[in-house]
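The figures here come from the full heavy-atom set of this structure, side chains too, leaving out hydrogens, waters and symmetry mates.
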Amino acid sequence: TTDSMQREIYAAELAILYCYELGQFQEALNVIDALGTNRTLRLSQLHYDCFVGMENWDECTKLLREQLLLNEEGERQDFRGSIFFELAKIELKKGSLEVALSYFLQAHETVNSYLPAIEEIIYIFQKRNDLVNVRKWLSILAQRVLKEENVSTLNLLSESIVDTGKLAS
């Protein structure tokens, strides 16, 4: 009915105010959950932002995995890639480098030119002091951002940086 739709709109506006303007994340979740508006108005982004604000990484992961299931192998590969990227960032916050790496790799496989994922992959290999993979992924990055004639120059530069230890942490 129109009345219930209007209540949901007001609830959403109130939840948005609590979350984004006041930083009262639990209050925002309480408003959404009290009226059951989370599915009707598709407020999963608001839920996610509240959980990020509360640093509730388990709930963030749960919501992102739900989004992956809703968008399986569809035409929205860029969206799937961004979800894998977000999952990886959460794993980094939790200190799980290996799990983060696997998600960054999935983001890269899903969206082949996803440069932020490649940068994070390089970062993780650098943290692990895995210079072979640092070189490999620097080369992949170079191929994505430079014209072919400049790739060999960047490869030489990356080898020089790695050889002198400037990338070692």
Side-chain angles (χ1 to χ4, degrees), residues 15-16 19-20 23 25 28-29 32 38-39 41-169:
I16 288 168
C19 178
Y20 300 116
F25 308 112
L29 291 172
I32 295 168
N38 59 339
R39 293 293 175 228
L41 292 176
R42 298 177 184 255
L43 296 174
S44 59
Q45 182 66 49
L46 180 58
H47 268 100
Y48 180 76
D49 292 343
C50 287
F51 291 132
V52 167
M54 296 177 351
E55 298 183 2
N56 186 337
W57 307 127
D58 291 337
E59 286 297 322
C60 289
T61 300
K62 179 180 166 188
L63 284 173
L64 290 171
R65 287 186 180 149
E66 286 175 8
Q67 288 298 313
L68 279 176
L69 291 175
L70 292 173
N71 295 286
E72 278 190 88
E73 303 304 321
E75 62 279 348
R76 301 185 62 194
Q77 292 303 306
D78 56 336
F79 181 67
R80 288 179 60 77
S82 68
I83 292 173
F84 285 126
F85 188 79
E86 286 298 314
L87 284 165
K89 286 180 16 183
I90 289 169
E91 292 302 326
L92 280 180
K93 289 176 184 176
K94 291 167 44 177
S96 304
L97 283 181
E98 295 306 312
V99 178
L101 178 61
S102 71
Y103 281 130
F104 284 131
L105 289 168
Q106 285 180 284
H108 170 70
E109 290 170 13
T110 305
V111 181
N112 198 23
S113 62
Y114 203 177
L115 298 179
I118 296 171
E119 291 172 338
E120 294 294 339
I121 291 167
I122 293 167
Y123 165 77
I124 291 173
F125 283 127
Q126 182 182 350
K127 293 274 295 180
R128 291 185 359 193
N129 207 20
D130 182 344
L131 299 183
V132 171
N133 276 307
V134 168
R135 280 191 188 108
K136 172 186 167 187
W137 285 94
L138 281 171
S139 175
I140 291 169
L141 180 63
Q143 291 170 4
R144 299 292 186 275
V145 298
L146 299 175
K147 295 178 183 168
E148 280 304 315
E149 66 263 12
N150 294 330
V151 170
S152 61
T153 303
L154 186 65
N155 284 339
L156 289 173
L157 177 62
S158 71
E159 286 178 21
S160 170
I161 291 170
V162 170
D163 289 342
T164 60
K166 290 181 183 171
L167 285 181
S169 50

Q: Only counting residues at least two apart or in another chain, list the ones meeting side chain to side chain contact (heavy atoms under 4.5 Å, CB included) with Gln67.
A: Ser44, Leu70, Asn71, Phe79, Ile83
Q: Nearest 0.5 Å please: distance from the CZ atom of Phe125 over to the CD atom of Glu120.
A: 12.5 Å
Q) Can you list the steps and then say if Phe51 with Asp58 is a side chain to side chain contact (heavy atoms under 4.5 Å, CB included)? A) CA-CA 9 Å; Phe51 291 132; Asp58 291 337; over 6 Å; no
Q.
Exactly one of Leu87, Leu101, Ile124 should register a side chain to side chain contact (heavy atoms under 4.5 Å, CB included) with Leu92. Which one does?
A. Ile124
Q: List in chain and number order the residues that pass side chain to side chain donor-acceptor pair (under 3.5 Å) with Asn56, two or more places apart in sequence or in another chain; answer none if no residue qualifies.
A: none
Q | Separation between CD1 of Ile16 and CD1 of Ile32, rounded to the nearest 0.5 Å | A | 8.0 Å
Q | Interatomic distance, Arg128 atom CZ to Leu97 atom CG [nearest 0.5 angstrom] | A | 8.0 Å
Q. Does the side chain of Leu46 come within less than 4.5 Å of Tyr20's, by heavy atoms?
A. yes
Q) Minimum heavy-atom separation for His108 to Ile121, with atom names? A) CB-CD1, 4.2 Å
Q: Could you grab the distance from atom CD of Gln106 to atom CD of Glu109, nearest 0.5 Å is fine?
A: 7.0 Å
Q.
Once side chain to side chain contact (heavy atoms under 4.5 Å, CB included) is applied, do any residues pair with Lys93, and if so which ones, sequence neighbours excluded?
A. Trp57
**Q.** Note, Leu29 side chain near Met54 side chain (heavy atom, < 4.5 Å)
**A.** yes
(Q) For a 4.5 angstrom cut-off between non-hydrogen side-chain atoms, does Leu68 reach Phe84? (A) yes
**Q.** Evaluation steps, side chain to side chain contact (heavy atoms under 4.5 Å, CB included), between Asn133 and Lys136
**A.** CA-CA 5 Å; Asn133 276 307; Lys136 172 186 167 187; 3.7 Å; yes
Q | Which residues share a side chain to side chain contact (heavy atoms under 4.5 Å, CB included) with Leu115, sequence neighbours left out | A | Ile118, Leu141, Arg144, Val145
Q: Measure across Ala107 and Gly81 and return the closest heavy-atom pair with its distance rounded to 0.1 Å.
A: CB-O, 3.5 Å
Q: Any chance you could measure Tyr103, atom OH, to Thr61, atom OG1, to the nearest 0.5 Å?
A: 6.5 Å
Q. Atom CG in Asp49, atom SG in Cys19: separation rounded to 0.5 Å?
A. 5.5 Å
(Q) For a quick test of reading the model, state the closest non-hydrogen atom pair linking Cys60 to Ile90 and the distance between them. (A) CB-CD1, 3.5 Å
(Q) Under the rule for ring pair (Phe, Tyr, Trp, His ring centres under 6.0 Å), what residues qualify as partners of Phe85, not counting sequence neighbours? (A) Phe104, Tyr114
(Q) So, using side chain to side chain donor-acceptor pair (under 3.5 Å) as the criterion, who are the partners of Lys62 when residues are at least two apart? (A) none
